[in-house]
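First up is the structure itself, then whatever we jot down about it.
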There are 2 protein chains.
Amino acid sequence: MPASNRPTSRPTSRPGAGEVRDRLRAAAFALFEERGYDATTVGDIAEAAGVGRTTFFRAFGSKEDVIFPEHTALLERVRSRLETATTPGAATLIGIAEATRLVLEHYLQEGDLARARYRLTRTVTTLRDRELASTLQYHRVYRDALRAWTGEEAGRDLRAELLAAAVVTAHNHVLRRWLRGVVDGAGAVEELGLALEEALGTGPNGALPRPADEGTSIVVLRTPYDVDAVLPALRRALADDAPR
Amino acid sequence: MPASNRPTSRPTSRPGAGEVRDRLRAAAFALFEERGYDATTVGDIAEAAGVGRTTFFRAFGSKEDVIFPEHTALLERVRSRLETATTPGAATLIGIAEATRLVLEHYLQEGDLARARYRLTRTVTTLRDRELASTLQYHRVYRDALRAWTGEEAGRDLRAELLAAAVVTAHNHVLRRWLRGVVDGAGAVEELGLALEEALGTGPNGALPRPADEGTSIVVLRTPYDVDAVLPALRRALADDAPR
DNA sequence: CGAGAGTACGGTACTGAGTACCGAATAGAG
DNA sequence: CTCTATTCGGTACTCAGTACCGTACTCTCG
């Protein structure tokens, strides 16, 4: 943030702010692809980028951070978007969908970089763990936002958590399909909408949060038969209590 | 596994197999509580346990592994339980519930150890990440099992994933309540059942996957009412197809 | 009882990530 | 041109984790 308020370009031998960062990241990914993550030391990366090892750790906090840049910034954007979405009376579900699309489109813009990262995270265990951890940070953000929305009463907790998990899962599902090249960018954005509908239950027979009052739960599974046809089976199932 | 087939006790100065492991774990947790995780080196732990540093790494693969023991073993038990549960014709939902209870009860048996771990994982970031990663391993196991059950056709993928996320989320929700002392062991087991019902039943429409072949599925959620009492509600739900 | 095999342990030495600190070069302001 | 702030590079350190080797102990077979 200190470099943004310097309007003039840097015509000197001193590299522009952020340029070193880019060189380092490029060198890192190149080396990772070539010899693998573990076989590449931070010293190698720094040398390839023509800078000192110290500079690497100043630009990125750790070796892993080269691969997951701007993660915290993106998370913050999602958080602020959700915050405005979950104020009482706001169109919460739309806000959630928008926040989620924010994330997806971020990866879409990264393009090959995101795919290279995906290749690495599938191979190296520590990186996969790191990515999973960041996934659960999203879960937290959504959960907290939804909790603020649904209220804090007992029982709502689990509901908020389930919804958050569903949203994150839906997003990751679509993202992975794009990363694997199953769908293109436009298709992914479209699929995200459908996936969210399925995750949140806002689709055909939307089953959004049911009021917390006590009562009988009825789960309707679509079946070609009508009620009377399945009723005997239902009675039988209730009788021996061990549905199979 | 090499120690189990030695029937006689070890009367010598050589400690029994596994005893060193226990000493190390006890020393580790004591030091972690005392000075914190980061401020405790592996050398400190080994010294406190009266063994060499090398022995520590032989007993546990890494510093983190002291805190997460038997994780892989437990994961394997869940996997095998799910495997038998998702063979065609088996009582899948019950199998899932049982597998999940397996995990919960494992932690309940750990008792204070699990709670000490919880305290640590809340404080130290790397440990939290590690735990989250293990959480997502469970997600994978459930997802794969459910995928095998629902079939691989397009569209089922997301459904299996959503279900897996819901189950894991429900479990973690209950587990956290026990870890925080909100409920006791018996209460946690009971809550798990309810949470699973909520996770599997109230989520997205038809969250319970239809079997791959056509037919009528009957899902029975325990309710204090008998069939005739809920029948009107059932008819109504089927009639307008879009409850609330 | 004694020799040999297998194993658990301790110690040393190494690599690599990450941190702290210091000095040099450079850019900007006055 | 001088002073100051910032950035970079280099050195030295801590600590996790690995590889290797020698040793002490136990068990087994002769």
Whole angstrom is fine here: how far is it from [atom1] in [X] over to [atom2] in [N]?
{"X": "Asp65(A)", "N": "dA17(C)", "atom1": "CG", "atom2": "P", "answer": "14 Å"}
{"X": "Arg35(B)", "N": "dT14(D)", "atom1": "CZ", "atom2": "P", "answer": "16 Å"}
{"X": "Glu47(A)", "N": "dC8(D)", "atom1": "CD", "atom2": "C1'", "answer": "17 Å"}
{"X": "Arg23(B)", "N": "dA8(C)", "atom1": "CZ", "atom2": "C1'", "answer": "13 Å"}
{"X": "Lys63(A)", "N": "dG18(C)", "atom1": "NZ", "atom2": "P", "answer": "8 Å"}
{"X": "Phe56(B)", "N": "dC9(C)", "atom1": "CZ", "atom2": "P", "answer": "14 Å"}
{"X": "Ile67(A)", "N": "dA17(C)", "atom1": "CD1", "atom2": "P", "answer": "12 Å"}
{"X": "Glu19(B)", "N": "dA8(C)", "atom1": "CD", "atom2": "P", "answer": "15 Å"}

| Sole residue of Glu33(B), Glu110(B), Glu64(B) in salt bridge (Lys or Arg N to Asp or Glu O under 4.0 Å) with Arg117(B) |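 With Arg117(B) as partner, salt bridge (Lys or Arg N to Asp or Glu O under 4.0 Å) holds for just one option, Glu110(B).
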Each nucleotide N or O in nucleotides 19-24 of chain C that has a protein N or O under 3.5 Å away: list the pair and distance.
none

| task | Could you give me the CA-CA distance, side-chain angles and deciding distance for Asp44(A) and Thr41(A), then say whether side-chain hydrogen bond (donor to acceptor under 3.5 Å, both in side chains) is met? | result | CA-CA 5 Å; Asp44(A) 295 338; Thr41(A) 73; 3.2 Å; yes
| said: Which nucleotide wins on minimum distance to the side chain of Ser62(A), given the candidates dC9(C), dG18(C), dA17(C)? | reply: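 In terms of side-chain proximity for Ser62(A), the closest of dC9(C), dG18(C), dA17(C) is dG18(C).
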| query | Do Arg77(A) and Ser80(A) have side-chain atoms, one donor and one acceptor, less than 3.5 Å apart? | reply |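 The answer is no; no qualifying pair exists.
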| Row check, Tyr37(B) ring normal vs Lys63(B) NZ/CZ: under 6.0 Å, within 45° |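 That pair qualifies as a cation-pi contact.
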| message | Checking Tyr138(A) against His71(A) for the ring-ring contact (aromatic ring centres under 6.0 Å, His included) test, could you report, in this order, the C-alpha distance in whole Å, the side-chain angles of both residues, the deciding distance, and whether it holds? | response | CA-CA 10 Å; Tyr138(A) 286 107; His71(A) 163 61; 5.7 Å; yes
| task | Could you check Thr55(B) against Ala39(A) and say which one's nearest nucleotide on DNA chain C is further toward the 5' end? | result |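 Nearest-nucleotide comparison on DNA chain C picks Thr55(B).
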| request: Looking at every strand, decide which applies to Thr126(B) at a 4.0 Å heavy-atom threshold: base, sugar-phosphate, or nothing. | output: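 Since no nucleic acid heavy atom lies under 4.0 Å of Thr126(B), the category is nothing.
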